[in-house]
Amino acid sequence: MSRHSLIELEAVLAIVRCGSFRAAALDLGLSTTAISNAVGKLERALAVRLFNRTTRSVSLTHAGRIFVAQIKPALEDIQKAMNTARSQQEVPSGTLRINAFATAAREIMAPLVLGYLRRYPQVHVDLVTEGRLVDVVAAGFDLGVRSADFVPSDAIAIPLGQVRRMAVAASPAFFESRTIPQLPQELLSYPCLRIRLPNGALFQWRFEKDGEELQIDVEGPITLDEASLSRMAATNGVGIGYFMEADVRDDIAEGRLVRILEDWTPPLAPLCLYYPNRRNSSAAFQAFIALARDFGAGCLQS
């Protein structure tokens, strides 16, 4: 099957639109010879004459009128698609797909993602949260958000800067009739909120202090796989919970939860936004990267 360039088809429409080969050449920024050659090549490939030509006039043949009627809508759609693609290089628009751990998404949601949408209302952000690691390129995402120790070595990473820690906490009522644990090992005698990982395994609570590392397989009345449910259970006095600090910071500050074992929860690896090396990226992508760099540098309110 023969393949033809767009210029051959555009030449035909330009001649019809402008009324002559010379005017069409000027319209397309080509020479008259180039226009004539393009049309001649197309006519030879189709084995049909598209134009009746004299020294004074040019008009479509019957076959030419049918051909133009069929190709004109398609070329208009192609031109519209090309203009849309070009516009995304100028004004942030379109869809930006981001994959993140749920905890990471919660940390960047208000300061970065919502801040971005306020600045660029023509962009739609498709934020997908999941616990498993995915290949963002193979899965069709533009960007990923993970802790630095999970970022692929061949990706470009932007540290998001915020200090991240775990927090062990329970409600004030929970400790009314109990002493507050001073060591992680003491948690084994307390009801705790167990955590189920996305792969189905039970998570062991991790602690570290002065070079000593511990993993505690706690017991308790309930096992949960979603942080908001654990927070609800903890604030209602069900047991001691193990959280990302950002998820319960307000609860601790406002007295709904009491934090314990803080000296056993040192800083974690920072969050990173990451992406493969990309050329000719959209304006929406470039704007998000720029805002993420500002966020990582502490130039945005968290």
Side-chain angles (χ1 to χ4, degrees), residues 1-54 56-99 113 116-128 134-144 275-291:
M1 179 178 179
S2 298
R3 295 185 179 182
H4 307 286
S5 66
L6 282 178
I7 190 60
E8 296 168 7
L9 303 179
E10 289 176 348
V12 170
L13 293 186
I15 294 166
V16 174
R17 183 171 64 250
C18 300
S20 72
F21 277 65
R22 184 174 182 277
L26 291 172
D27 184 58
L28 295 179
L30 300 172
S31 68
T32 303
T33 299
I35 288 288
S36 181
N37 289 340
V39 173
K41 180 181 178 182
L42 183 60
E43 288 180 327
R44 288 191 297 274
L46 297 176
V48 66
R49 179 176 290 277
L50 299 175
F51 292 99
N52 293 313
R53 284 166 271 189
T54 70
R56 295 186 178 180
S57 66
V58 59
S59 63
L60 285 168
T61 64
H62 176 70
R65 286 194 296 272
I66 295 173
F67 183 72
V68 167
Q70 291 179 332
I71 69 167
K72 185 177 180 181
L75 283 182
E76 288 175 347
D77 287 343
I78 291 171
Q79 189 61 52
K80 181 179 178 181
M82 294 176 69
N83 290 337
T84 299
R86 290 189 189 101
S87 71
Q88 291 188 17
Q89 293 296 103
E90 300 167 0
V91 178
S93 60
T95 297
L96 197 64
R97 300 196 71 224
I98 304 172
N99 184 280
V113 176
Y116 175 81
L117 289 174
R118 283 191 291 269
R119 295 189 186 201
Y120 306 107
Q122 295 183 54
V123 180
H124 174 87
V125 172
D126 183 3
L127 177 59
V128 176
V134 301
D135 181 333
V136 294
V137 176
F141 292 96
D142 299 293
L143 300 156
Y275 57 96
N277 187 19
R278 299 181 60 154
R279 295 180 179 178
N280 300 322
S281 54
S282 69
F285 180 92
Q286 295 175 28
F288 194 88
I289 293 298
L291 200 66

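Keep in mind that this is a model prediction, so the values were computed, not measured.
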In plain terms, say whether Glu43 and Arg53 are close enough for a salt bridge, that is, a side-chain N and a carboxylate O under 4.0 Å apart.
->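 Yes, Glu43 and Arg53 are salt-bridged.
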
Taking only Lys NZ, Arg NE, NH1 and NH2, and the carboxylate oxygens of Asp or Glu, determine whether Asp142 and Arg97 approach each other closer than 4.0 Å.
->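 So Asp142 does not pair with Arg97 through a salt bridge.
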
[atom1]-[atom2] distance between [X] and [Y], expressed to the nearest 0.5 angstrom:
{"X": "Glu10", "Y": "Asp27", "atom1": "CD", "atom2": "CG", "value": "10.0 Å"}
{"X": "His124", "Y": "Leu96", "atom1": "NE2", "atom2": "CG", "value": "10.0 Å"}
{"X": "Gln79", "Y": "Leu6", "atom1": "CD", "atom2": "CG", "value": "8.5 Å"}
{"X": "Asp126", "Y": "Thr95", "atom1": "CG", "atom2": "OG1", "value": "7.0 Å"}
{"X": "Ile71", "Y": "Leu9", "atom1": "CD1", "atom2": "CG", "value": "5.0 Å"}
{"X": "Phe288", "Y": "Tyr120", "atom1": "CZ", "atom2": "OH", "value": "11.0 Å"}

Residue pair [X] / [Y]: nearest heavy atoms and the distance that separates them:
{"X": "Cys18", "Y": "Ala24", "result": "CB-N, 3.8 Å"}
{"X": "Pro276", "Y": "Val137", "result": "CG-CG2, 3.4 Å"}
{"X": "Ala69", "Y": "Pro73", "result": "O-CD, 3.3 Å"}
{"X": "Val12", "Y": "Phe51", "result": "O-CZ, 3.7 Å"}
{"X": "Val58", "Y": "Gly19", "result": "CG1-O, 3.1 Å"}
{"X": "Leu60", "Y": "Arg65", "result": "O-NH1, 3.4 Å"}

Does the side chain of [Y] come within less than 4.5 Å of [X]'s, by heavy atoms?
{"X": "Ile289", "Y": "Leu143", "answer": "yes"}
{"X": "Glu8", "Y": "Val39", "answer": "no"}
{"X": "Phe141", "Y": "Ile98", "answer": "no"}
{"X": "Leu127", "Y": "Asn99", "answer": "no"}

Does CZ in Arg49 sit with more than 12 non-hydrogen atoms of other residues, nucleotides or ligands closer than 6.0 Å?
->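 Open.
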
Are the side chain of [X] and the backbone N or O of [Y] linked by a donor-acceptor pair below 3.5 Å?
{"X": "Tyr116", "Y": "Ala284", "result": "yes"}
{"X": "Thr32", "Y": "Arg22", "result": "no"}
{"X": "Thr33", "Y": "Ser31", "result": "no"}

For the pair Phe67 and Thr61, evaluate side-chain contact (heavy atoms from CB on, under 4.5 Å) and give the outcome as yes or no after the intermediate values.
-> CA-CA 10 Å; Phe67 183 72; Thr61 64; over 6 Å; no

